[in-house]
There are 2 protein chains.
Amino acid sequence: MATIYDVARSAGVSPKTVSRVLNGDGPVGQRTRDKVETAMAKLGYVPSNAARAMRSNRSGLVGLITGAISSTPSNVELSGLPELFIVQGIQRAIEPLNMTLMISDTGGRLDRVPQLMRTFSEHRVEGLIYVADYHKKVDLPDTPGIGKVVIANGYDDRGTPCVLPHDEKGQYALVSEAIAKGHRRIGYLTLANALDATRLRTVGYARALADAGIAYDSSLVIEADMAEPDPEVETQLLWDAIDRILGLEDPPTLLCMGNDRMAMRAYGILRSRGLNLPGDISIAGYDNYRTLAETLYPPLTTVELPYAAMGVRAARLLMSLIREEGQKPSEPQLVSGPVCWRDSVTPLVDPKSNVTPLGRKTT
Amino acid sequence: MATIYDVARSAGVSPKTVSRVLNGDGPVGQRTRDKVETAMAKLGYVPSNAARAMRSNRSGLVGLITGAISSTPSNVELSGLPELFIVQGIQRAIEPLNMTLMISDTGGRLDRVPQLMRTFSEHRVEGLIYVADYHKKVDLPDTPGIGKVVIANGYDDRGTPCVLPHDEKGQYALVSEAIAKGHRRIGYLTLANALDATRLRTVGYARALADAGIAYDSSLVIEADMAEPDPEVETQLLWDAIDRILGLEDPPTLLCMGNDRMAMRAYGILRSRGLNLPGDISIAGYDNYRTLAETLYPPLTTVELPYAAMGVRAARLLMSLIREEGQKPSEPQLVSGPVCWRDSVTPLVDPKSNVTPLGRKTT
DNA sequence: CGATGTCATGACACCGATGTCACAAGGCGA
DNA sequence: TCGCCTTGTGACATCGGTGTCATGACATCG
């Protein structure tokens, strides 16, 4: 591979002049510039980042670790997708800044993290982004020789800068808009209570009801998922929860589910009970996991978890940390996503009239 | 950050001796070694890959491009997942070899590829893997200064080494096993005919029938998807195809779908027509897209597309190319995945007796 | 017209590792 | 005892860029 010396010789100038053409620092005469550019093209010259990094102490690299934060390797294959969108967002944000992403997916094996960190350190990454697989607290190992760190989709208790989804706002928006469309009895089958997302979204749910002057009815809110994923048990849990909530004296016209996968399960369960969707009951999810939400029949109303946007924000945050040296630990940055209305939630045209509590399908 | 000179000074030896301790070349006295290791630990020394790469001309980097091959940016958000698994497989395979993965996701914008290639070239990657989003022919831009290239999940017409899913074998296995379980009338609602996967899988389907002595009935094979994804049109297409196939004089007991998403749609459509799953009709998918297949109710029988394994194979192939310089273009490597049996396909207990063509649910 | 400033360019050192070669000390066979 | 090999170590050059400083050719200004 051609070097700057080859180019210099071929163009009949000094290496430093070639460097000036490359970087645009210092003045270069037009004729000289042309000669150099011709020579570079002829030789197919590409400057070496290694040499450049050595002199300037700037590698142009950003490290990224995903999958490391999962304490349970079991669910790695089931998640994954959100991380991908976050990564895409990060990439979009750093590419214009001429940074390159160095990615390691640990496959859930926390013990490999130190090794990865060392490799990143050897490559002299200028910053590091941890991507958690869902909104949660993480515990980062100490980072020897790695400067700036940002957590995406997670947080820790040391005040490491982080970017989080605005779960409360998302659920609030969904429920508020559903109320505006006439729903009054709104069930909420939540993810595991242990999750931060569940706590925050339940707050949003309750606040939306309160703002509309609707009393909070605790029999409408049921934990219907668990932390450890096991398809069979999860289905059973959901089945029971649906049993319970449909058996209420005044059953809901809309069921909000903890995520789109739960909603997908609910489709199967509700139909197995002979209900029509969304004619007999409306369903909403959370995540806007489009492969599910758009493909389900009918398409699923859901709240978008703004993964790509979070990636962008995380990358920008990291870049600002890299640039301005002495940065104090910032507050978590909350990113919210829109509600995606699709056919699975049907408007109740006139909620004040004494129609049946079952919604009517609008064509 | 400490350098090898700092370590040398702190240990009272020459830099070269530190280098020997690091790399284990040349003899080093035990006492000297201890001194050096103590100094390295004290200073938190991490060798610089840039300096190392410069001297040795080996960067330890492998480039990876995904999303580049999609000519349609529209469907980028819908795919994605398979690529992630391929990437995970690649990572698993190269990490033990002390290589680091440098990833760029183009987000479907082909025009950015040359820029990415240049960046990889500047970092002096030792090889490059293209990951296509589904089994198809791709057209790689010329690769200036980038040596070895492997395509994963795609192929080109220049004989670039590549790794492909064994679609024919997968569909053959699924249909063969379904026949063994008593199914005789097996419908096949395929992906777009233009896809390589469709052609190959249809061959597998036909061969399985032939091997069992069952005549191929072309009215059972219907193209029910299209290349350009549009959720609404796709649902319509599938609805029509199901209409047609269920209206046959001797309707199928099992529907094989082009992929798991189609199968998910079929669940909704079949149930909207009042059918029980899998009591009235069995369904099988393709991909083993676990988020869908395991979450659907009932869980979906499907063929695994061995993405992770393909990633591993692609990485190993690339490594062998990097090691042995003069490698001739190899044949495409076919990777096959297992059939995943779940409850959506019900055995027909005694296909020879004159029971109803509708399967009975086994508990 | 000489002092000063700007433009265009090159010589040289340096970033942090490692390959090459040299060399001293000690062991061993002739 | 001498020559030779092995072991342990260091001096020095080198990889491919860039920062610093010097230099020569002109243009400008008082």
Side-chain angles (χ1 to χ4, degrees), chain A residues 1-37 39-40 43-61 98 100 118-126 145, chain B residues 1-37 39-40 43-61 98 100 118-126 145:
Chain A
M1 174 137 288
T3 75
I4 202 171
Y5 296 96
D6 301 327
V7 175
R9 199 173 334 113
S10 166
V13 299
S14 78
K16 180 67 214 189
T17 298
V18 178
S19 172
R20 276 192 268 258
V21 172
L22 272 175
N23 300 289
D25 49 348
V28 178
Q30 188 56 49
R31 279 197 43 213
T32 312
R33 181 184 304 276
D34 291 344
K35 276 192 302 182
V36 170
E37 275 165 355
M40 290 198 302
L43 297 173
Y45 169 72
V46 178
S48 155
N49 222 290
R52 200 174 262 177
M54 215 167 121
R55 193 69 172 85
S56 67
N57 244 343
R58 292 200 53 241
S59 62
L61 295 173
N98 280 319
T100 307
R118 168 154 177 121
T119 303
F120 283 156
S121 186
E122 290 185 359
H123 286 280
R124 300 289 190 268
V125 295
E126 297 181 41
Chain B
M1 173 136 289
T3 75
I4 201 170
Y5 296 94
D6 301 325
V7 175
R9 198 173 335 112
S10 165
V13 300
S14 78
K16 179 65 213 190
T17 298
V18 178
S19 171
R20 277 191 268 259
V21 172
L22 272 174
N23 299 289
D25 50 347
V28 178
Q30 188 56 49
R31 279 197 43 212
T32 312
R33 179 183 306 275
D34 291 345
K35 276 190 302 183
V36 169
E37 276 165 356
M40 291 198 302
L43 297 173
Y45 168 72
V46 179
S48 155
N49 223 291
R52 201 173 258 177
M54 212 168 125
R55 196 68 175 80
S56 68
N57 247 340
R58 294 200 51 242
S59 63
L61 295 173
N98 281 319
T100 306
R118 169 156 175 116
T119 302
F120 283 156
S121 187
E122 290 186 0
H123 285 281
R124 301 288 192 266
V125 296
E126 299 181 39

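Chain naming here is simple, since letters A, B, ... match the order of the sequence lines and numbering starts at 1 in each.
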- What is the distance, rounded to the nearest whole Å, between atom CE of A:Met1 and atom C1' of D:dG17? 15 Å

- With sequence neighbours left out, write down each residue that passes side chain to side chain donor-acceptor pair (under 3.5 Å) with A:Ser14, or none if nothing qualifies. A:Thr17

- Query: Using a cut-off of 4.0 Å on non-hydrogen atoms, how would the nucleic acid contact of A:Asn49 be classed: base, sugar-phosphate, or nothing?
  - Reply: nothing

- What is the distance from atom CZ of B:Arg118 to atom NE2 of B:His123, rounded to the nearest 0.5 Å? 11.0 Å

Would you be so kind as to tabulate the donor-acceptor pairs closer than 3.5 Å made by side chains of residues 2-11 of chain A, with sequence neighbours excluded?
residue : atom : partner : partner atom : Å
A:Thr3  : OG1  : A:Tyr5  : N            : 3.1
A:Thr3  : OG1  : A:Asp6  : N            : 3.3
A:Thr3  : OG1  : A:Asp6  : OD2          : 3.4
A:Asp6  : OD1  : A:Arg9  : NH2          : 3.2
A:Asp6  : OD2  : A:Thr3  : N            : 2.8
A:Ser10 : OG   : A:Lys42 : NZ           : 3.4

- Message: Using C1' atoms of five pairs at each end, report the bend of the helix from C:dC1-D:dG30 to C:dA30-D:dT1 rounded to 10 degrees.
- Response: 50°

- Query: Below 4.5 Å, heavy atoms only, C-beta onward: do B:Asp34 and B:Glu37 meet side chain to side chain?
  - Reply: yes

- Task: Walk me through it: do B:Arg52 and A:Glu122 pass the test side chain to side chain contact (heavy atoms under 4.5 Å, CB included)?
- Result: CA-CA 10 Å; B:Arg52 201 173 258 177; A:Glu122 290 185 359; 4.3 Å; yes

- Rounded distance (Å) that lies between atom C1' of D:dT14 and atom CZ of B:Arg55: 5 Å

- Euclidean distance, B:Lys35 NZ relative to B:Met40 CE, rounded to 0.5 Å: 13.5 Å

Only distances under 3.5 Å count here; give the side-chain donor-acceptor pairs of residues 20-28 of chain B to other protein atoms, sequence neighbours excluded, each with its distance to 0.1 Å.
residue : atom : partner : partner atom : Å
B:Asn23 : ND2  : B:Ser19 : O            : 2.9
B:Asn23 : ND2  : B:Ser19 : OG           : 3.4

- Starting at atom OH of A:Tyr5, determine the distance to atom C1' of D:dC15, rounded to an integer number of angstrom. 9 Å

- Query: Tell me: CG of B:Asp6 to P of C:dG16, nearest whole Å?
  - Reply: 8 Å

- Query: Atom CZ of B:Arg58 to atom P of D:dC15: distance rounded to whole Å?
  - Reply: 19 Å

- Item | Any residue meeting side-chain contact (heavy atoms from CB on, under 4.5 Å) with B:Arg55, in chain and number order, not counting sequence neighbours | none

- Message: Base, sugar-phosphate or nothing for A:Asp25? Non-hydrogen atoms, less than 4.0 Å.
- Response: sugar-phosphate

- Got a sec, which residues hit side chain to side chain donor-acceptor pair (under 3.5 Å) with B:Asn57, two or more places apart in sequence or on another chain? none

- Message: Students often get this wrong, so: under 4.0 angstrom with heavy atoms, is A:Asn23 touching a base, only sugar-phosphate, or nothing?
- Response: sugar-phosphate

- Query: If only side-chain N and O atoms of A:Ser19 are considered, is one of them under 4.0 Å from the OP1 or OP2 phosphate oxygen of D:dT18?
  - Reply: yes

- Indicate for each nucleotide in nucleotides 4-11 of chain C, in 5' to 3' sequence, whether protein heavy atoms under 4.0 Å reach the base (B), only the sugar-phosphate (S), or nothing (-). ---SBBBB

- Query: Hey, is the side chain of A:Arg52 pairing donor to acceptor with the base of D:dT18 inside 3.5 Å?
  - Reply: no

Table of protein N/O atoms under 3.5 Å from nucleotides 4-6 of chain D N/O atoms:
none

- Message: Taking side-chain contact (heavy atoms from CB on, under 4.5 Å) as the definition, give me every residue that meets it alongside A:Ser59, ordered by chain and number, with sequence neighbours left out.
- Response: A:Leu61, A:Arg124, A:Glu126

- Length of the line joining A:Glu122:CD and C:dG16:P, which is rounded to integer Å: 15 Å

- Item | Nucleotide D:dG8, atom C1' - distance to CG of B:Asp34 in whole Å | 15 Å

- Message: By the 4.0 Å heavy-atom rule, please label B:Ser48 as base, sugar-phosphate, or nothing.
- Response: sugar-phosphate

- Task: Please report, rounded to the nearest Å, how far the P atom of D:dT9 is from the CG atom of B:Leu22.
- Result: 15 Å

- Note on the structure: When rounded to the nearest 0.5 Å, the distance separating CG of A:Asn98 from OG1 of B:Thr119 is 7.0 Å

- Minimum heavy-atom distance B:Ala51-B:Ser48, with the two atoms named: N-OG, 3.2 Å

